[in-house]
Amino acid sequence: MENLDAEIGLSALHEWLASIESRFSIEIDQCRQIAFEHALTGYAESLGETLETLATRAKRGLLDSEHWSMILHLATNHETRFFRSPAALKQIGQICQNLSHPKVLSVGCSTGEEPYSIAAALYAAGHDTFEILGTDISAVCIKTAKLGIYKQHPNISSLLAGLLPEQRMRFHPWVKGMVKFEQHNILQDRPVQLLKPNVVITQNMLIYYREETRYEILNRLASMLGVGGYLITAPAETLGWKTPAMTRVHHSQINVFVRSS
Ligand SMILES: C[S@@+](CC[C@H](N)C(=O)[O-])C[C@H]1O[C@@H](n2cnc3c(N)ncnc32)[C@H](O)[C@@H]1O
């Protein structure tokens, strides 16, 4: 009996994995599948369902966009932190040094630490005006990012964020006015709300996707740039991606491309 239960559970999980892959082109690697099953079971229970009955509801088209948004949130990893990639921040600083109003797009920004780190780096470099847009497929993450409230960080100055009780901080309204967030799936055709950014950065998001989908995402990101615009990713994320419009800039720690035509 226990074996049968385990088999039913396993086939429901496989059904969910297949359905998420076909709906969102997201692959959940094996080491995250147990965590996803656990999280999805908890969510199903909160709706008075099981993994199996929720799958049946999904098949009948009885889940709305909020359900799918939460399922997608549970399927992806949102790990992030302030100043996660000093090399990327330094590179952005160099690209923007002669720009009076730099525009940076951070794709797959999770709960917002990456865009705010970029803002802190630009501000420290003397920019008092810039536009940063963070996008993420997860509505839950974007809601957190828009609040701009985090655990205090020693490298976020009180000029940028005011201190709150319980060792928390909130970014000031003038910073939030320049660091905006938008829920957006980069695989959808809807344009983002930032035209011709000087830099597009995506880190630790492409790893979810098969080679073919990664290339599609990279082509989309490249097409958002004007000539002279830069694309940055974390190391080993672009695989063998090449496109005639983009020229690789040598960097020993991260991937950097510039739009040459
Ligand atoms: C591990 S986090 C990386 C956060 C941040 N870039 C960093 O490096 O710290 C990856 C984020 O990518 C988002 N993501 C995955 N697929 C996406 C897509 N198709 N469009 C936009 N965001 C996506 C996930 O929701 C998740 O929050």
Side-chain angles (χ1 to χ4, degrees), residues 17 19-29 31-32 35-36 39-40 43 65-66 68-92 104-121 132-147 150-151 153 155-156 179-194 197 199-224 231-238 253-256:
L17 295 175
S19 133
I20 281 164
E21 191 173 339
S22 74
R23 199 177 173 101
F24 303 109
S25 308
I26 279 184
E27 253 186 289
I28 304 179
D29 61 46
C31 61
R32 291 209 65 253
F36 172 59
L40 189 60
Y43 179 56
S65 60
E66 257 184 51
W68 280 113
S69 169
M70 182 49 84
I71 291 165
L72 180 62
H73 176 74
L74 299 175
T76 46
N77 173 343
H78 307 285
E79 188 196 327
T80 187
R81 57 185 180 271
F82 286 109
F83 308 104
R84 185 175 190 172
S85 170
L89 291 175
K90 189 169 172 205
Q91 183 69 40
I92 293 174
V104 182
L105 174 64
S106 157
V107 174
C109 71
S110 187
T111 40
E113 285 84 340
E114 181 175 286
Y116 282 119
S117 302
I118 297 169
I132 300 173
L133 178 69
T135 65
D136 200 283
I137 199 167
S138 161
V140 180
C141 285
I142 290 300
K143 201 170 157 197
T144 305
K146 281 183 174 172
L147 276 179
Y150 300 92
K151 199 168 156 270
H153 189 285
N155 296 338
I156 299 285
V179 185
K180 302 261 175 67
F181 294 95
E182 182 186 353
Q183 189 276 330
H184 182 269
N185 178 357
I186 197 61
L187 285 160
Q188 276 172 355
D189 288 332
R190 175 165 64 87
V192 297
Q193 288 165 12
L194 185 70
V199 183
V200 173
I201 177 165
T202 188
Q203 301 187 98
N204 308 301
M205 178 194 82
L206 291 164
I207 40 174
Y208 289 113
Y209 295 97
R210 294 218 173 89
E211 182 173 317
E212 198 186 292
T213 317
R214 280 194 205 197
Y215 290 180
E216 183 189 338
I217 294 175
L218 288 162
N219 288 336
R220 281 170 182 258
L221 298 180
S223 73
M224 292 174 177
L231 172 61
I232 297 177
T233 85
E237 291 189 329
T238 57
Q253 287 163 284
I254 51 177
N255 288 305
V256 184

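For ligands, and for the atoms within them, numbers begin at 1 and follow the listed sequence.
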Polar contacts were defined as any N/O atom of the residue lying under 3.5 Å from an N/O atom of the ligand; does this apply to [X] and ligand 1?
X	value
I26	no
I186	yes
C141	no
R84	yes
D136	yes
R81	no
E114	yes

At under 4.0 Å between heavy atoms, is it the side chain or the backbone of H184 that contacts ligand 1, or both, or neither?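 The backbone, only.
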
Can you tell me if [X] and [Y] form a side-chain donor-acceptor pair at under 3.5 Å?
X	Y	answer
E113	T111	yes
H78	T80	no
T135	H184	no

Counting from 1, what ligand 1 atoms have a heavy atom of S110 closer than 4.0 Å?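 Numbered from 1, ligand 1 contributes 4 (C), 27 (O).
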
Going by the atom numbers of ligand 1, which of them fall below 4.0 Å from some non-hydrogen atom of Y209?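 With Y209 as reference, the close atoms of ligand 1 come out as 15 (C), 16 (N), 17 (C), 18 (C), 19 (N).
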
Given M205, E113, R220, identify the one with the heavy atom nearest to atom 23 (C) of ligand 1.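 Residue with the shortest heavy-atom distance to the ligand atom: M205.
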
